[in-house]
Structure formats: C-alpha cells, structure tokens
Protein chains: 2
Amino acid sequence: MNAPVSTPTSAPALTKNQSLVFDVLDRADAPMSAYTILDRLRDHGFRAPLQVYRALDKLLEFGMVHRLESLNAFVACAHPESECCGKGHGHGHGTVAFAICESCGHVSEFHDHEVDHRLGAWAKAKNFKPAKTTIEIRGLCGACAA
Amino acid sequence: MNAPVSTPTSAPALTKNQSLVFDVLDRADAPMSAYTILDRLRDHGFRAPLQVYRALDKLLEFGMVHRLESLNAFVACAHPESECCGKGHGHGHGTVAFAICESCGHVSEFHDHEVDHRLGAWAKAKNFKPAKTTIEIRGLCGACAA
DNA sequence: TGACACACGTTATAGCATAACGCAATTGAT
DNA sequence: ATCAATTGCGTTATGCTATAACGTGTGTCA
C-alpha cells in the first residue's frame, strides 16, 4: 500500500505523502518551510522531518514544487498545467525567476527568455556547464509598496 | 580598543574581527560557511558563531563579501578595487551573478547589464520594488567539465 | 520465489542562524 | 569634562534547517 496511486489527471502519480505535502503547498499563499509543512501534517500522521523532505525531493524532481534558496522554503509551481518548469520531461520553459514580497510573502513566478539567453551565453563563453540556475528578487510587491 | 582602525587603503575601516573574517574569506578559493570560518579563527580567539555572523553582517553591508544563498556560504567579493558591487555607496555595477562549480567549489562572479535590465523591466511592469536580487548558476566549471 | 527498487517510519545527529544578556570603548552634544 | 547614544564585543542558550543510518513493507519482474 506504499506505491504511487495512478490518478486520472496530469503527470506522474503521487504517493500519499507526496500528495499531502503538495496539497499543503498548493493551498498556501506564501512559501512554507519543511518544518511548517510538517506541523500542518501532524494530524495526518506525519511525525518526522524526513517524511516531508522525502516528499519534497520527489516533488522538486517532478517540477511541481520549487525551492526558494534565499528563504529555505518551498512553493507549489505556479503553472500546474502542462508539466511546468523544465525539469519534469526535459522541456518546459527554462529557468524560472521568482519575485518574493518581503512584506506579504507573496511569490510571483516568471520567465524571461532573454535572461536565460544571456546567462547561457556567459556559460558557453566560459565553458561552464549549468545544472541549475536560481533567480530570486526580494523586495516589495505592488500592493505592499503602495 | 574595540573601534575600527583606520587604514591607509580603501573603503570603510574594519574592526579586528571583521578583518580576520575577511582575510580568511579572501584567502579561500571556495565559499566558506560561517562555522568553517569560526573553526579557522579559533586560534585567534573566536569562540562562538555570533562573532563570525556579526562580522559577516558588516562585511555584507560594506559589499566586501557576498552570501551564496544556494550554499549558505560566503565569499569575498571578486572586485576588491573600486568599492565593488553596489551596496557600499549606492553606485557599483548592479546585481552580481555567480557561477558555482559543484565539483571544485570555485565561484565566478560576473555581471550582465542586459540581465539587470530585463529583471528591472519586469519589476517595473509589475510595480515590484526590488531590494536584493540573487542570481546563482550551479554546475561544472570548464576545468571540471572537461 | 527471490532479487530489486522504492516508499515509508524512526531515531539520532549534523549544520546553519539568532535571541538575549551584559560589558567596554568611541563619539559627540552639552 | 561628562553624560547619553551608539557600536562592537563575548557568552550562553536556543531555534531552525537538513541529512545519516537503520529497518520494514510492498509491488515488479525475471
């Protein structure tokens, strides 16, 4: 009873723990730390951080969740449709950038092809082989800056 | 005997602890965590993490050191000349990007005006007020990828 | 049916960062 | 001169983030 359960919907089938973690992130309106997720899931039988981290690892691998490095926290991917952001099947739309409001916590996810292109060009020129690129802008969102 | 000591050279005078921490980072050829720095400075009287973090806070403020968010580690700024990277006096050359080799640990610091421009344009369009931007590319440097 | 892969659960530990206290030294206004 | 404000320092304790190492159960497939 531990294997992934196939669903009628999108990409890879999630296990119970993976679904629970994803649902928590998907309902949240701000990034959550692994330990905050853990606390939200105590009622569902979660007892230890590893249960969360293991689910997060898979969700990251599937491209359904992003890690915000500057926050040590996680968000559900903002483009649930179409297998999202690149890692999943090799396609997707390149590196994703995040704008993080330090007041309300809201995160906007966006992509800029030209930025990708410039960073890629630098890498090529330097013979650097990129594996993962992080772009995070911290500041104040329109609503909070007003 | 705790105040900054003026030096004939560059920007803001550093206190003893700040100098010690900066020197360790400056001599390192890879990013260092605060605790690694602490261990390196035990012989100089450092006993607690806060001594390191407090020095790092100031060095970050002066723009002499960068924090690598994806590593929870620190590097000396690669452009020691000309007050470096933006924070110090308000000028500098915008957001700095880092290419981090996951094999040898080497970090390259660079700047791309067009990337700045594109991210700035997105922010402007969305009414987002950027405070600090992080760009980190993890991968393999030319030497290690060969 | 046995080797394998994978998800899971648990305990323990490692690694990163800050809160809260009090003291010492410098600055600068009065 | 002297007092208040500021800043750096040292110490202890604590909190948050992440992984190591072990063992169990289950489904797959040769």
Side-chain angles (χ1 to χ4, degrees), chain A residues 1-7 12-22 24-25 30-62 64-75 102 105 134 136 138, chain B residues 1-7 12-22 24-25 30-62 64-75 102 105 134 136 138:
Chain A
M1 221 255 252
N2 261 339
V5 173
S6 190
T7 68
L14 300 184
T15 66
K16 182 157 188 270
N17 285 2
Q18 289 160 16
S19 294
L20 287 167
V21 169
F22 180 75
V24 167
L25 279 178
M32 296 183 76
S33 77
Y35 279 74
T36 305
I37 296 169
L38 172 59
D39 286 338
R40 284 275 204 293
L41 290 176
R42 298 249 182 227
D43 293 346
H44 292 270
F46 276 52
R47 318 289 310 262
L50 255 196
Q51 296 175 275
V52 177
Y53 281 109
R54 287 204 273 233
L56 286 172
D57 283 346
K58 282 300 178 186
L59 294 170
L60 288 167
E61 183 184 326
F62 298 154
M64 300 175 64
V65 159
H66 300 293
R67 177 192 174 84
L68 299 177
E69 302 288 354
S70 69
L71 250 40
N72 293 328
F74 304 85
V75 286
E102 298 187 312
T134 297
E136 297 177 14
R138 299 184 58 171
Chain B
M1 223 257 251
N2 259 339
V5 173
S6 192
T7 68
L14 299 183
T15 66
K16 182 155 187 275
N17 284 3
Q18 289 160 16
S19 294
L20 288 167
V21 168
F22 180 75
V24 166
L25 280 177
M32 296 184 75
S33 77
Y35 278 73
T36 306
I37 296 170
L38 173 58
D39 286 339
R40 284 273 203 295
L41 290 176
R42 298 246 182 230
D43 294 346
H44 292 270
F46 276 54
R47 318 289 311 260
L50 257 194
Q51 295 175 275
V52 177
Y53 282 109
R54 285 203 274 232
L56 285 171
D57 283 346
K58 281 301 178 185
L59 294 170
L60 288 166
E61 184 184 324
F62 298 154
M64 300 175 64
V65 159
H66 300 293
R67 177 192 172 82
L68 299 177
E69 302 288 355
S70 69
L71 252 40
N72 293 328
F74 304 84
V75 287
E102 297 187 315
T134 297
E136 297 177 16
R138 299 184 57 171

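What you see is a predicted model, and the numbers here were worked out from it, not measured in a lab.
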Distance-only polar pair, side chains of Ser70(A) and Glu136(A), donor-acceptor under 3.5 Å: yes

Spacing of Asn17(B) atom CG relative to dC9(D) atom P, expressed in whole Å: 4 Å

Sugar-phosphate only, base, or nothing, as touched by Arg54(A) at under 4.0 Å among non-hydrogen atoms: base

Selection from dA18(D), dT12(D), dC8(C) that lies nearest to any side-chain heavy atom of Arg67(A): dA18(D)

Whichever of Leu50(B) and Phe74(A) has its nearest DNA chain D nucleotide further upstream toward 5': Leu50(B)

Atom pair CG/CG of Leu50(B) and Asn17(B) - distance to nearest 0.5 Å: 11.5 Å

d(CG, Asp57(A); P, dA18(D)) in whole Å: 10 Å

Protein-nucleotide distance (Leu68(A), atom CG; dT17(D), atom P), rounded to Å: 13 Å

side-chain N/O Gln51(B) vs dG10(D) OP1/OP2, d < 4.0 Å: yes

Whole angstrom value for the distance that separates C1' of dG8(D) from CD of Gln18(B): 8 Å

Interatomic distance where CG belongs to Leu56(B) and C1' belongs to dG8(D) [whole Å]: 15 Å

Qualifying residue, where the test is side-chain contact (heavy atoms from CB on, under 4.5 Å) with Arg40(B) and the options are Leu25(B), Leu20(B), Val21(B), Val24(B): Val24(B)

Note, Leu14(A) side chain near Met64(A) side chain (heavy atom, < 4.5 Å): yes

Integer-rounded Å distance: dT26(C) C1' and Lys16(B) NZ: 18 Å

Closest-nucleotide 5' rank along DNA chain C - winner of Lys58(A) and Ser33(B): Lys58(A)

Residue pairs fulfilling side-chain hydrogen bond (donor to acceptor under 3.5 Å, both in side chains) with at least one residue in residues 46-56 of chain B, sequence neighbours excluded: none

Between C1' of dC16(C) and CE of Met32(B), the distance in whole Å: 15 Å

Between dG15(D) (P) and Asp39(A) (CG): distance, integer Å: 14 Å

Distance test, side-chain N/O of Asn72(B) to OP1/OP2 of dA17(C), below 4.0 Å: yes

Residue-phosphate contact under 4.0 Å: Thr15(B) side-chain N/O, dC9(D) OP1/OP2: yes

Closest listed nucleotide, where the reference is the side chain of Tyr35(B) and the choices are dT10(C), dC16(C), dT12(D): dC16(C)

Residue Tyr53(A), side-chain atoms from C-beta onward, closest of dC16(C), dT12(D), dT17(D): dT17(D)

